[in-house]
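Before any comments, here is the structure.
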Amino acid sequence: MRKFLKDALDGYLKGRGSETLGERPLMYNENQMYIHYQKGSLVLYALSDYLGETVFNQTAKAYLKSTAFQNPPYTTSLEFVDSFRRATPDSLRYLIKDMFETITLYNNKVESVSSKKLKNGKYQVDIQFEVAKYRVDANGKRAIMIKGANHSCLRNLIG
């Protein structure tokens with residue numbers, strides 16, 4: 001799965017790098033295959049991670065059941081996203097906006113890592129990292145910086 005997700009991310013970033021018409025958010029997208037397939041698979045996999053596989057599968061199943069063999073007017077991406085919005089807890093609703101309604105990108109990097117063995121046999125791991133989240137317009141220009149900060153993380157790992 002890790003390789004699939006890496007390939008999907010690479011395909012999405014490559015596609016958006018060569019886009020000539022301007023990228024549209026996932027839920028408003030038409031005929032930009034790198035968004036449908038590469039970004040779409042990443043978004044749905046991440047949403048499954050956040051909601052939990054059971055909630056995700058129940059929501060997808062209910063949506064499919066309600067729209068299967070539908071006569072016109074046919075379902076839309078807006079209805080699909082709304083079904084997941086209803087299943088998403090308030091604390092995670094920002095994900096719907098970030099993943100479906102806007103073009104949101106992340107720039108996360110580890111700046112340094114150090115570790116030392118503790119007397120109790122566990123390890124102390126110190127990680128210095130930078131996290132940034134930003135929105136871009138259709139042409140890839142950064143429109144809004146959402147978050148950006150340096151963080152340190154201290155964690156004891158079982159030895």
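- The residues Asp82 and Arg86 are annotated as not salt-bridged, no charged nitrogen and carboxylate oxygen being separated by less than 4.0 angstrom.
- With sequence neighbours excluded, the residues satisfying salt bridge (charged side-chain N to carboxylate O under 4.0 Å, His left out) with Asp90 are Arg93.
- Residue pairs meeting the salt bridge (Lys or Arg N to Asp or Glu O under 4.0 Å) criterion with at least one member in residues 19-32, sequence neighbours excluded: Arg16-Glu23, Glu23-Lys39.
- The shortest heavy-atom contact between Pro25 and Thr102 is CB-N, 3.8 Å.
- Here Ser77 contributes atom OG and His36 contributes atom NE2; the two are 9.5 Å apart, rounded to the nearest 0.5 Å.
- Between the CE atom of Met27 and the OG1 atom of Thr76 there is a distance of 7.5 Å, given to the nearest 0.5 Å.
- The structure places OH of Tyr34 at 7.5 Å from OG of Ser18, a figure rounded to the nearest 0.5 Å.
- The shortest non-hydrogen separation linking Tyr134 to Tyr106 is CE2-C, 4.4 Å.
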Derivation and outcome, side-chain contact (heavy atoms from CB on, under 4.5 Å), residues Leu105 and Val136: CA-CA 8 Å; Leu105 299 172; Val136 297; 4.0 Å; yes
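- Asn31 approaches Asn29 most closely through the heavy-atom pair N-OD1, 4.0 Å.
- In this structure, Tyr12 OH and Ile35 CD1 are separated by 6.0 Å, a value rounded to the nearest 0.5 Å.
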With a cut-off of 3.5 Å and sequence neighbours excluded, list every side-chain donor-acceptor pair involving residues 40-54.
{"unit_1": "Ser41", "atom_1": "OG", "unit_2": "Tyr37", "atom_2": "O", "d": "2.9"}
{"unit_1": "Ser41", "atom_1": "OG", "unit_2": "Gln38", "atom_2": "O", "d": "2.9"}

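- Phe84 is listed as a side-chain neighbour of Phe56, based on a closest heavy-atom distance under 4.5 Å.
- At least one donor-acceptor pair under 3.5 Å links the side chain of Asn120 to the backbone N or O of Lys122.
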Pair Phe80-Leu78, side-chain contact (heavy atoms from CB on, under 4.5 Å): steps then yes or no: CA-CA 5 Å; Phe80 175 80; Leu78 303 177; over 6 Å; no
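- Residues forming a side-chain hydrogen bond (donor to acceptor under 3.5 Å, both in side chains) with Thr75 (at least two apart in sequence, or on another chain): Tyr63, Glu79.
- For Gln128 (side chain) and Ser114 (main-chain N/O), no donor-acceptor pair under 3.5 Å exists by modelled atom type.
- Side-chain contact annotation: Asp126 with Gln124, donor-acceptor N/O pair under 3.5 Å present.
- With Ser115 contributing its side chain and Val125 its backbone, the two residues share no donor-acceptor pair below 3.5 Å.
- Sorted by first then second residue, the salt bridge (Lys or Arg N to Asp or Glu O under 4.0 Å) pairs that include residues 64-77, not counting sequence neighbours, number zero.
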Chi angles and distances behind the side-chain contact (heavy atoms from CB on, under 4.5 Å) call for Arg142, Arg135: CA-CA 6 Å; Arg142 289 185 188 191; Arg135 298 224 168 94; over 6 Å; no
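- Residue Leu26 holds its CG atom at 10.5 Å from CE of Met99, rounded to the nearest 0.5 Å.
- Follow the hydrophobic side-chain contacts under 4.5 Å out from Leu95 and you reach Leu9 in the same cluster.
- In this structure Lys14 satisfies the side-chain contact (heavy atoms from CB on, under 4.5 Å) test with no other residue, sequence neighbours excluded.
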Test log, rule side-chain contact (heavy atoms from CB on, under 4.5 Å), inputs Met1 and Leu5: CA-CA 6 Å; Met1 181 53 73; Leu5 294 172; 4.0 Å; yes
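- A distance of 4.0 Å separates NZ in Lys117 from OH in Tyr123, rounded to the nearest 0.5 Å.
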